[in-house]
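Single-structure report; data block below.
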Amino acid sequence: MADWLEKPRNENSPLAGLKVLELARVLAGPWAGQILADLGADVIKVESPEGDNTRIWGPPWVEHGGETTSAYYHACNRGKRGITADFRNESELAHIAELATGADVLLENFKPGGLAKFGLDYETLARANPGIIYCSITGFGQDGPRRNEPGYDFVIQAMSGFMALTGEPEGDPMKMGVSISDLSCGLWATNAVQAALLMRHRTGKGQWIDMSLLDCSVGLLANQAMSYLATGENPPRMGNAHAQVSAYGVFPTQDGPVVLAPANDALFRKLLALIDRNDLLDDPRFGTNADRVEHRAECDALIGEATAGWSRDNLLAACAKSGIPAGPINSIDEVFADPQVVSRGMRIAPEGMPGVRSPFVFSDAELTLDKPSPAKS
């Protein structure tokens, strides 16, 4: 069975030497664990004998290390070491408890109270390891009327308001194309873990972190939440339009749509000059952003008439030269061929396993990206 590394894999990573025990599966918890691993932590992923559910969430499949595993699994488990443990086996459970006594951080996403029967709950582990940062990730949190219900990203997207805000105005509510509730919870969790580590440095004590997918998704409502709280009215679904800014959306060209985002009066005037519509500069319908929001349909139609005569690449190049925010609507293959994405090194391949690096760039530290996901032990 794996034990803690005596020496960090990369001494120059921000979290080099940090010991993380991951008792998590599927996405939110493993995503948090992968971020910490990329930042240099020694992350030991503990799986049941059946393995993380995502190992069989295919196709597509990946052949690596003599195993056939889903691509999904490899999207959120890079850089970890792996062990298998059956908590019903006394000796294997004892080893996990031993690992926990040496851990700085424990990540888990069991239902509330689910680890208490194994002696792997916070109160039990903190008696042996009072400095442990114990991060629980659940659908609804450790209290409240829904605390015992399972949390699934699709359900959380629906409950959080995301779906009510996503989609065309006259169409059905839509989920996002990625599991945004799971992923955002993983990101919030890493923030909380690192904050708790800093507090431990100050106080000498660890603590229990209670992360909820629903809380994290509601926390991302941002300006849309404030729109409701300020007015008492539900923000509408607006497709690709922006609730508070115009002109700001998808516009046609001769060979495909582009996104234009002139988000203030000066940028809007630059766009009018670029598309040779200076005649609209003094039109009272479009003088300020508030005017343009009120007359959104007319504004979008006039801009669309002009951009439809351009080729996509020429329009984007002209916008870039003029400082007007604009971009292509890329397919995933176009994303990874984009010169900016290539330049930033977002695509990686530790030991031949393709992946996407965590998007951190430090002036005096580096990520640890040398290992793929662990094979099933």
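Here the structure is a predicted model, which means the values were calculated and not measured.
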Give a yes or no answer on whether the side chain of S212 reaches the backbone of L214 with a donor-acceptor pair at less than 3.5 Å. yes
Take L280 and R277 through the side-chain contact (heavy atoms from CB on, under 4.5 Å) test and state the conclusion after the steps. CA-CA 6 Å; L280 299 175; R277 288 306 308 263; 3.6 Å; yes
Looking at F110, I'd like to know if the NZ or CZ of R25 sits under 6.0 Å from its six-membered ring centre while staying within 45 degrees of the ring's axis. yes
Check the side chains of K45 and N77 for a donor-acceptor pair under 3.5 angstrom, ignoring hydrogens and angles. yes
Answer whether the closest heavy-atom distance between the side chains of D38 and I35 falls below 4.5 Å. no
salt_bridge(D104, R200) N-O dist < 4.0 Å: yes
Is there a donor-acceptor contact under 3.5 Å from the side chain of S246 to the main chain of R296? no
For a side chain to side chain donor-acceptor pair (under 3.5 Å) with S373, tell me which candidate from Q34, K80, H64, H74 qualifies. H74
What distance separates L36 CG from W31 CH2, expressed to the nearest 0.5 Å? 12.5 Å
Other residues, nucleotides and ligands only: do more than 12 of their heavy atoms fall within 6.0 Å of CH2 on W4? yes
Ignoring hydrogens, what is the shortest heavy-atom contact between N330 and E334? Give both atom names and the distance. CA-OE1, 3.3 Å
Are Q254 and S311 close enough that a side-chain donor and a side-chain acceptor fall under 3.5 Å? no
Pairing donors with acceptors under 3.5 angstrom, does anything connect the side chains of W61 and S70? no
Any sub-3.5 Å donor-acceptor pair from T203's side-chain atoms to M199's backbone N or O? yes
Tell me if the CD atom of E123 is crowded by more than 12 foreign heavy atoms within 6.0 Å. no
Are I96 and I133 connected in a single hydrophobic cluster, I mean Ile/Leu/Val/Met/Phe/Trp/Tyr linked by side-chain heavy atoms less than 4.5 Å apart? no
So L260 and T307, do their side chains get closer than 4.5 Å, heavy atoms only? yes
Test: R9 and D42 ion pair at under 4.0 Å: no
Under a 4.0 Å N-O cut-off, is there an ion pair linking R292 with D265? yes
Less than 4.5 Å apart, any side-chain heavy atom of L5 and any of R81? yes
Is the side chain of R357 donor-acceptor paired with the backbone N or O of R344 at a distance under 3.5 Å, no angle test? yes
Within the 4.5 Å heavy-atom criterion, are F362 and L39 side-chain neighbours or not? yes
Check whether more than 12 heavy atoms from other residues, nucleotides or ligands sit under 6.0 Å from atom CZ of F336, and answer yes or no. yes
So V218 and D215, side-chain contact (heavy atoms from CB on, under 4.5 Å) or not? Walk me through it. CA-CA 5 Å; V218 172; D215 292 355; 6.0 Å; no
Charged N to carboxylate O under 4.0 angstrom, K376 versus E67? no
Give the intermediate values and the outcome of salt bridge (charged side-chain N to carboxylate O under 4.0 Å, His left out) for residues E50 and R55. CA-CA 10 Å; E50 295 76 27; R55 285 183 177 273; over 6 Å; no
Do H95 and E92 pair up side chain to side chain, a donor and an acceptor below 3.5 Å, judged on atom types alone? no
Pair Q157, S181: side-chain N/O donor-acceptor within cut-off below 3.5 Å: no
Can a donor-acceptor pair be found between the side chains of D255 and T253 at a distance below 3.5 Å? yes
What class does the angle between the rings of Y134 and Y122 fall in, given that below 30° is parallel, 30 to 60° is tilted and above 60° is perpendicular? perpendicular
Salt bridge present between E294 and R285 (N-O < 4.0 angstrom): no
Without swapping roles, check the side chain of S160 against the backbone of I156 for a donor-acceptor pair under 3.5 Å. yes
Ring geometry between W57 and Y72 (parallel below 30°, tilted from 30 to 60°, perpendicular above 60°): perpendicular
